[in-house]
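Please read the structure below before turning to the comments.
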There are 2 protein chains.
Amino acid sequence: MAATIRDVAQAAQVSQSTVSRALSTPELVNPETRARVVSVARRLGYEPNRAARGLITGRTGNLGLIVPDIANPFFSAVVKGVQGAARAADYSVFIADTDEESESEIGLLRALSKQVDGIILCSPRAPDDELEAVGPGTPVALMNRRVGDRPSVTVDNADGMRQAVEHLAALGHRRIAYVAGPRTSWSNSERERGLHRSIADTGTDLAHLGYFPPQFDGGVAAADLVIASGATAVIAYNDVVALGLMSRLSARGVAVPEGMSVVGCDDIGMSSMTHPALTTVAVPKHEAGRATVGLLLSVLAEGGAASALHRELPTQLIVRATTGVARASDRPADGHS
Amino acid sequence: MAATIRDVAQAAQVSQSTVSRALSTPELVNPETRARVVSVARRLGYEPNRAARGLITGRTGNLGLIVPDIANPFFSAVVKGVQGAARAADYSVFIADTDEESESEIGLLRALSKQVDGIILCSPRAPDDELEAVGPGTPVALMNRRVGDRPSVTVDNADGMRQAVEHLAALGHRRIAYVAGPRTSWSNSERERGLHRSIADTGTDLAHLGYFPPQFDGGVAAADLVIASGATAVIAYNDVVALGLMSRLSARGVAVPEGMSVVGCDDIGMSSMTHPALTTVAVPKHEAGRATVGLLLSVLAEGGAASALHRELPTQLIVRATTGVARASDRPADGHS
DNA sequence: CTTCGTGTTGCAATCCTTTTCATAACTGAC
DNA sequence: GTCAGTTATGAAAAGGATTGCAACACGAAG
């Protein structure tokens with residue numbers, strides 16, 4: 001059996017209270033006593049029982065993280081960021097995967113809320129009001145979405161779109177297609193917002209296609225529409241979609257970037273490894289995970305009435321090899337071939 | 001505040017014990033009473049406090065899962081399998097990512113073992129004896145690895161290699177390269193074992209290359225060696241490596257499968273989406289995750305002295321488009337061009 | 001009529017820690 | 001020399017659920 005606080009107390013000739021204090025509020029105990037207690041505790045391999053502690057403090061030391069799809073490289077990067085930051089603060093994290101279904105999202109939310117101190121909800125599909133599913137006692141921090149004044153971390157998607165559009169416009173593209181992600185996705189609508197503005201600013205033309213599922217197959221399905229749209233460049237909702245797009249473009253005999261420029265979003269690891277390497281709007285995934293944990297922890301600590309409740313992280317266009325000058329036979333006039 | 005067992009007891013006019021029993025051992029209480037208690041409990045939204053329960057039962061209701069890299073599609077598939085099975089049994093799972101470092105593996109193991117009922121170790125790296133890091137009270141189930149008589153779930157890697165080699169031999173390949181994964185990986189050595197046997201059985205020739213890191217870059221690095229080896233076909237440690245391989249082969253102007261047949265392992269989602277689609281030895285990742293949870297849970301239930309402690313899952317060669325007949329100018333004699 | 005199961009229920013102990021409150025010793029000031 | 005004010009420690013009360021043990025009622029068996 002593991003050593004309990006009583007064992008330590010006996011061995012160190014002090015009361016349980018002193019042991020508890022020596023370990024959690026060292027400044028309250030005499031340095032000598034503290035040293036003795038600490039050394040005994042180490043010798044006995046004592047570690048406070050989390051259940052017992054949780055019972056009285058009401059906290060679990062756990063965080064919950066809900067993601068749509070852990071197999072999606074975007075989210076696995078976020079997960080790593082969250083894990084790292086949580087571990088640094090001595091929190092453990094439960095990860096729940098909704099498999100892109102918003103129903104299970106709510107169920108998970110409810111189940112999770114009982115056993116964690118706070119929840120990170122990562123780019124949720126579920127309608128706003130269903131955030132109420134989680135009890136009022138459990139703070140929620142949102143990532144990649146903004147709902148009311150709940151604490152959240154977002155990335156500047158609109159600015160990312162601006163960078164992408166300006167880049168394409170500078171290459172001479174006049175008509176740009178956008179392969180949209182899920183309709184209910186907050187980041188998708190942010191991207192569309194930025195897109196529309198930049199399109200207007202640069203005097204280019206937009207072909208809005210979709211909505212498509214944010215997976216490889218979504219890109220495959222969208223490719224033919226992109227070709228038919230008469231656009232010479234396409235921006236995809238994310239890199240995985242862009243990969244699907246390129247796969248089908250290649251099957252259709254459209255060379256990238258000669259026949260079609262392609263821009264992704266997120267900058268997942270794969271993107272730099274494709275042929276040609278993907279130009280993409282990089283999102284600081286790791287950092288976003290860390291920042292959201294930081295935010296949640298600060299809410300936890302200050303009991304809500306606190307500090308900055310929102311952070312927006314920058315995006316950065318990374319130009320690789322899938323974007324090039326618009327093809328000579330550019331035809332903004334007749335729409336499509 | 002959440003409802004406690006006392007609230008339910010009062011409202012239902014019974015003692016706390018009866019409430020507890022009505023919910024956890026229903027057969028011990030009068031059907032009428034039980035119905036009343038259950039209905040009151042639901043009305044009050046009562047859910048037993050996990051910390052309090054854990055304190056007395058000594059169990060947490062949590063499982064730990066340790067994987068080398070959650071961003072690796074192989075492991076994220078396993079994670080999903082584990083999650084599903086665990087949830088079905090009303091367990092939550094902590095996931096820890098070692099980032100392919102075996103040192104952090106031990107630390108994580110130790111930290112995790114305090115707050116879970118059992119651990120699934122899904123990572124082949126750490127030396128066998130370091131499994132001792134986890135306290136004797138916490139059962140460990142191994143996946144993709146066999147150590148002594150610890151409970152474990154493995155896949156029949158050797159047979160997978162046999163299928164691959166026979167497939168290639170039937171296509172006329174006489175010299176086959178193998179791009180090895182990490183030296184300390186259990187599944188790598190199993191694959192090598194199966195490989196050597198099948199190579200002998202089919203009278204083909206083996207070029208053993210490596211060891212390489214099990215990532216895209218590993219495949220890229222291996223490609224030139226493969227070409228130089230004079231082999232007309234190559235089997236990669238896993239699909240990600242195979243992808244890296246193909247990327248570099250293409251850059252070197254070697255067509256797949258005309259100039260080189262490529263076989264991967266694992267069958268990650270990406271594999272069917274590449275051009276050409278990857279022939280691979282499929283591993284039942286989801287099922288493996290589920291099976292390992294099942295094993296661990298049975299150990300947990302029966303206190304160790306129990307049932308089958310080992311399960312081996314079959315592998316299945318999936319022939320897609322990266323394997324073809326050996327090129328006409330096959331040259332087993334002069335080694336390489 | 002007593003006795004013995006059997007089926008239900010309640011009492012109370014227990015799990016281990018944190019934390020409030022009280023006690024005690026000691027310091028420094030008046 | 002007394003009193004207020006620290007500082008250091010201990011005793012004991014939660015905290016919420018589970019569970020062994022006792023008690024009770026009831027019908028059956030002797």
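Throughout, a chain's letter reflects where its sequence line sits, starting with A, and its residues are numbered from 1. Just so you know, these numbers come straight off a predicted model, no measurement behind them.
Remark: P of C:dC16 and CG of A:Asp7 are 9 Å apart, rounded to the nearest angstrom. Here the C1' atom of nucleotide C:dC16 and the NZ atom of B:Lys114 are 15 Å apart, to the nearest Å. One can place CG of B:Asn30 at 16 Å from P of D:dA25, the figure rounded to the nearest angstrom. Across the protein-nucleic acid pair, A:Arg6 atom CZ and C:dC15 atom P stand 8 Å apart, rounded to whole Å. Rounded to whole Å, the distance from CG on A:Leu28 to P on C:dT18 is 13 Å. Rounded to an integer number of Å, the gap from CZ of A:Arg36 to C1' of D:dT9 is 11 Å. The CG-C1' distance, from B:Leu23 to D:dG16, rounds to 14 Å in whole Å. Taking atom CZ on B:Arg59 and atom P on C:dT14, their separation rounds to 22 Å, with Å as the unit.
Side chain of B:Leu55, nearest nucleotide from C:dC16, C:dG10, D:dT19: C:dC16. Of the candidates C:dT8, C:dT18, C:dC16, the closest approach to any side-chain atom of A:Ala52 belongs to C:dC16. Distance from the side chain of A:Ser15 is smallest for D:dA11 among the nucleotides C:dC16, D:dA11, D:dT19. Across D:dA17, C:dG10, D:dA8, the shortest atom-to-atom separation from the side chain of B:Ile56 is found for D:dA17.
Under 3.5 Å, the side chain of B:Arg21 and the base of C:dG10 form at least one donor-acceptor pair of N or O atoms. Residue-to-nucleotide contacts include a donor-acceptor pair under 3.5 Å from the side chain of A:Ser17 to the base of D:dA11.
Between B:Ser20 and D:dT18 there is a side-chain N or O to OP1 or OP2 distance below 4.0 Å. Within the structure, a side-chain polar atom (N or O) of B:Tyr46 is placed less than 4.0 Å from OP1 or OP2 of D:dA17.
A donor-acceptor contact under 3.5 angstrom links the side chains of B:Ser15 and B:Thr18, judged on distance only. At a cut-off of 3.5 Å, with distance as the only test, a side-chain donor of A:Ser185 or A:Ser187 sits close to an acceptor on the other residue.
Among the heavy atoms of the strands lying under 4.0 Å from A:Thr33 are primed sugar atoms or P, OP1, OP2 only; no base atom is included. Across all strands, A:Val19 comes closer than 4.0 Å to no nucleic acid atom at all (heavy-atom distances). Heavy atoms of B:Thr4 sit under 4.0 angstrom from primed sugar atoms or phosphate atoms, though from no base atom.
Toward the 5' end of DNA chain D, the nearer of the two residues A:Gln13 and B:Ile5, judged by each one's closest nucleotide, is A:Gln13.
Residues A:Leu313 and A:Glu287 are in side-chain contact: their nearest non-hydrogen atoms beyond the backbone lie under 4.5 Å apart.
For A:Pro314 against A:Pro284, the heavy-atom pair with the smallest separation is O-CD, 3.2 Å.
Of the charged side-chain nitrogens involved, none lies within less than 4.0 Å of a carboxylate oxygen, so that B:Asp266 and B:Lys285 do not count as a salt-bridged pair.
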